Amino acid sequence: PQVSTALFRRDGEFYVFAVNDGQEDKIADVVLDGNLLELPAWRARDLVSGQEWNVNLHESQHLIFPVPRKDGAIVHLQGA
């Protein structure tokens, strides 16, 4: 099974929800549309693990993060 994802927007910030129904850990690879996000640089924070990293849409439009087996992740994207 794949990782299922959804993107939500609230007050100019974004939230990516990812769910892994599989029996093994997966890596989510979400392609972000630069026209949708408006800004080229974003600060990403996994609300479950607390891990933080930068996303630069000029370098890559991919948001990549781990999703444990039979679990999920929520990544908050805030303009940097």
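Quick caveat: nothing in here was measured; it's all calculated off a predicted structure.
- Across N20 and P68, no two heavy atoms sit closer than the pair ND2-O, 3.3 Å.
- The minimum heavy-atom distance between V48 and A73, with the atom names listed, is CG2-CA, 4.3 Å.
- D21 contributes atom CG, which lies 11.0 Å from atom CD of Q2 (distance to the nearest 0.5 angstrom).
- For L7, the side-chain contact (heavy atoms from CB on, under 4.5 Å) partners at least two apart in sequence or on another chain are F14, V16, L36.
- Using modelled atom types, one side-chain atom of D25 and one backbone atom of R69 make a donor-acceptor pair closer than 3.5 Å.
- Contact annotation: the side chain of L32 never approaches that of H62 to less than 4.5 Å [non-hydrogen atoms, C-beta and beyond].
- The CH2 atom of W53 sits 5.5 Å away from the CG atom of L63 when rounded to the nearest 0.5 Å.
- Within the 4.5 Å cutoff, the side chain of I64 has heavy atoms near those of the D29 side chain.
- Residues passing the salt bridge (charged side-chain N to carboxylate O under 4.0 Å, His left out) test with E13, sequence neighbours excluded: none.
- Rounding to the nearest 0.5 Å gives a distance of 12.5 Å between CH2 of W42 and CG of N54.
- When all heavy atoms are compared, the tightest approach of V67 to V19 is CG1-C, 4.4 Å.
- Note on E52 versus R45: salt bridge recorded, some NZ/NE/NH1/NH2 to OD/OE distance being below 4.0 Å.
- Separation of atoms CG (L39) and CD (Q78) is listed at 11.0 Å; rounding is to 0.5 Å.
- The aromatic rings of F8 and F17 sit perpendicular, their planes meeting at an angle over 60°, well past the 30° parallel limit.
- Taken to the nearest 0.5 Å, the CD1 atom of I74 stands 10.0 Å off from the CZ atom of F65.
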